[in-house]
Amino acid sequence: MNLREFILMAFEGLIAHRLRSALTVLGIVIGIFAVVTLMSLGDTVRRQVSGQISELGSGLLMVMPGRDDGGHGPGFIKMNLTLRDAERLKTINGVETVNANLTIPARAETNHNSLNVTLYGDTADFLQVQNYELAGGRFFQSSEVMAHRRVVLLGAKTKAQLFGNGDAEGHTIRLNGTTFQVIGTLKEKGRTLGHDRDQVVVAPVTVVQDISGFRNIGVIFVRADEPEKVSLIRERILSVLAKTHPQKDIQVFSQNDALKVSEKILGTLTTFLTCIASVSLAVGGIGIMNIMLVSVRERTREIGIRRALGATPNQVMAQFLLEALFLGAIGGVLGSLFSLVTINGLIFWAGWKTTGSWFSNISMEAFLLGILCATGIGLIFGLYPARQASRLDPISALRYE
Amino acid sequence: MEQPLIDIQGVGKDFPYGSQILRVLQGIDLQVRPGEALSIMGPSGSGKSTLMNIIGCMDRPSRGRYRLADQDVDELAERDLCKVRNRTIGFVFQSFHLLPRLTAWRNVEIPMLYGGVSTEDRRERSKDLLERVGLGHRLHHRPNELSGGERQRVGIARALALEPALILADEPTGNLDQRTGKDILRLFSTLHREGKTIIVVTHDPDVARWADRIITIKDGRLV
Ligand SMILES: Nc1ncnc2c1ncn2[C@@H]1O[C@H](COP(=O)(O)OP(=O)(O)O)[C@@H](O)[C@H]1O
Ligand SMILES: [Mg+2]
């Protein structure tokens, strides 16, 4: 009796009990779906975050409030950086650009339209540091920042919402009630991590301070003229700021630090969620075992008949083991496919940039691992019931009602 | 003298029953020549099925010697017993014991499946066998779409699948009405004429008369 016949026989058995097979498969589908989806999502999110951080360039440092003693847990963080701090950093040797940034939510209005936007208050090097490009008009200059000039640039979506296809430059808009002149527009940027980078407005940081009432700023971006100098400049930043921040209530992140932290957080999160999902997978496996045990009991007479007709215990075992294995494998394939569709749907919905192919969004490892894992689960949880089946005494099995 | 197909000497079978031991068969001596048609008769509970299980290599005797087709069954390993059941013996059961979800055609194929017959040969032979028992028009029917007599014919076709030397039928007419039972016995007669060795177990003297030779079992002993 060859493998093909065993496989056919196992399928015969599964099809004979379609509904039960389908329900058993469902348990595995859910488990695999959860595991593959969470693993892949974790992967996608990590790639997005890493990509976004990498986009900033390796020579970039971020100065942020917080204690630089390794403990940067969640909690209320007071904005304690000032424009003067930013000015001081410009004097450091090896620093190419310094950007002071204060970001607030704002309501942008024209006489006809209005929109909630993210308002970036920033300085003249905003475009390079944040990797935006001009679509039209010009960016504001340092002198305009110093002079508190009420000028703005509009993100692609903001422009489209407020002005449609018409020109925006030269017109005015109101931000939280204050009138600004539009001097330029930005090219489309896409979404990152659910944040729409086109529904934005950029204005001089000084003016954003004025309209928000904040005296301080949120972040200072410092770019080293050479990426290798990053750690040296980090030390210099800390020593320069030590004068104004004797309590050391600031921290400096390099791109690498940021990558490491995000990797750590997302890695932990992914592991945690995957563990939870694995539990549901184990439940699915126990479901297979349960159903196979019921099936063995219910088909006791069939087993007796097969034994009387010459089946060896191993052949009976193989039959039931293959059934369990197929239940797992079918569940694995369906769960993985379902997950593939869901993840791509989610990515499409979130508007994340991807490399295009469907499979690039799912972690291929997760996909294959999901199928393999489900098959393995079928095998492992099928072992005990199959063994029970093979050990039945033919005579009592035949007599079983 | 011709070698007997079945040679049973001093066979006994015990079953544990609570703390006691139930002696179900005692001192059975039985020889069956190839090509013989034999009835084993006896009241219910006399040990007929137990004896059939031993002859059919489904069970081993507690005592005594059993040789089947010149092989000492006691010396065979479990694997070999499976092979004997597959090749040397064809079982026909009182309640047919067909697999309910499979067609008549597939049911007859099962012994050949375990006997390693190729797919084409198997399908071919299964069809031939069903035609031979007069069910050429019922190939695709499932057991619940067949009458009792038809089911038993499928059972007989299945028993013949690998050309066994010996057909063992335990109360083959027990679930059939008298007329259908007669038809089944006539089919056995045909097979017997073609040279098969057939043993039929029954409690019914009318059925037992079908055979060349009738032996009677009572309380686990041949009389
Ligand atoms: N596995 C067993 N365990 C205990 N007692 C059994 C077993 N099989 C059969 N018996 C007993 O052996 C006796 C003979 O049974 P059986 O051979 O089936 O009789 P028959 O087929 O002649 O009606 C009965 O009393 C039955 O209860
Ligand atoms: Mg009986």
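Just so we're on the same page: letters track the sequence lines, and every chain starts at 1. From a predicted model like this one, the values you see are computed outputs, not experimental measurements.
Residue B:Asn107 holds its CG atom at 9.0 Å from CG of A:Leu309, rounded to the nearest 0.5 Å. Residue A:Gln315 holds its CD atom at 8.5 Å from CG of B:Leu113, rounded to the nearest 0.5 Å.
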Quiz item: Run the side-chain contact (heavy atoms from CB on, under 4.5 Å) check on B:Leu99 and A:Glu12 step by step: do they pass?
Solution: CA-CA 11 Å; B:Leu99 296 191; A:Glu12 224 165 40; over 6 Å; no

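Looking at B:Asp59, the atoms closer than 4.5 Å to chain A (heavy atoms on both sides) sit in the backbone and in the side chain alike. For B:Thr119, the parts lying near chain A are the backbone and the side chain together; criterion is any non-hydrogen pair under 4.5 Å. In this structure, the portion of B:Val117 lying under 4.5 Å from any heavy atom of chain A is its backbone and not its side chain. Residue contact with chain A, scored on non-hydrogen atoms closer than 4.5 Å, involves the side chain of B:Arg122 exclusively. If you measure heavy-atom distances from A:Leu398 to chain B, the contacts under 4.5 Å come from both the backbone and the side chain. Looking at B:Leu98, the atoms closer than 4.5 Å to chain A (heavy atoms on both sides) all sit in the backbone: N, CA, C or O. No part of A:Arg299 comes within reach of chain B, as not one of its non-hydrogen atoms sits under 4.5 angstrom from that chain.
Open room surrounds CZ on A:Phe272; 12 or fewer heavy atoms of other groups in view lie less than 6.0 Å from it. Other residues, nucleotides and ligands place no more than 12 heavy atoms under 6.0 Å from the CD1 atom of B:Ile21. B:Glu124 CD: 12 or fewer foreign heavy atoms inside a 6.0 Å radius. Around the CZ atom of A:Arg391, the shell of radius 6.0 Å holds no more than 12 heavy atoms that belong to other residues, nucleotides or ligands. Annotation: B:Asp72, atom CG; neighbour count of heavy atoms from other residues, nucleotides and ligands within 6.0 Å is above 12.
Heavy-atom minimum distance, A:Arg301 versus B:Ser95: NH1-OG, 4.0 Å. The shortest non-hydrogen separation linking A:Ala308 to B:Phe93 is CB-CZ, 3.9 Å. In terms of heavy-atom proximity, A:Ala311 sits nearest to B:Arg85 at O-NH2, 4.4 Å.
Note: A:Ile395 leads A:Ile395, A:Asn314, A:Thr312 in heavy-atom pairs under 4.5 Å with chain B. Between chain A and the residues B:His97, B:Arg87, B:Arg101, B:Arg79, the most heavy-atom pairs under 4.5 angstrom are made by B:His97.
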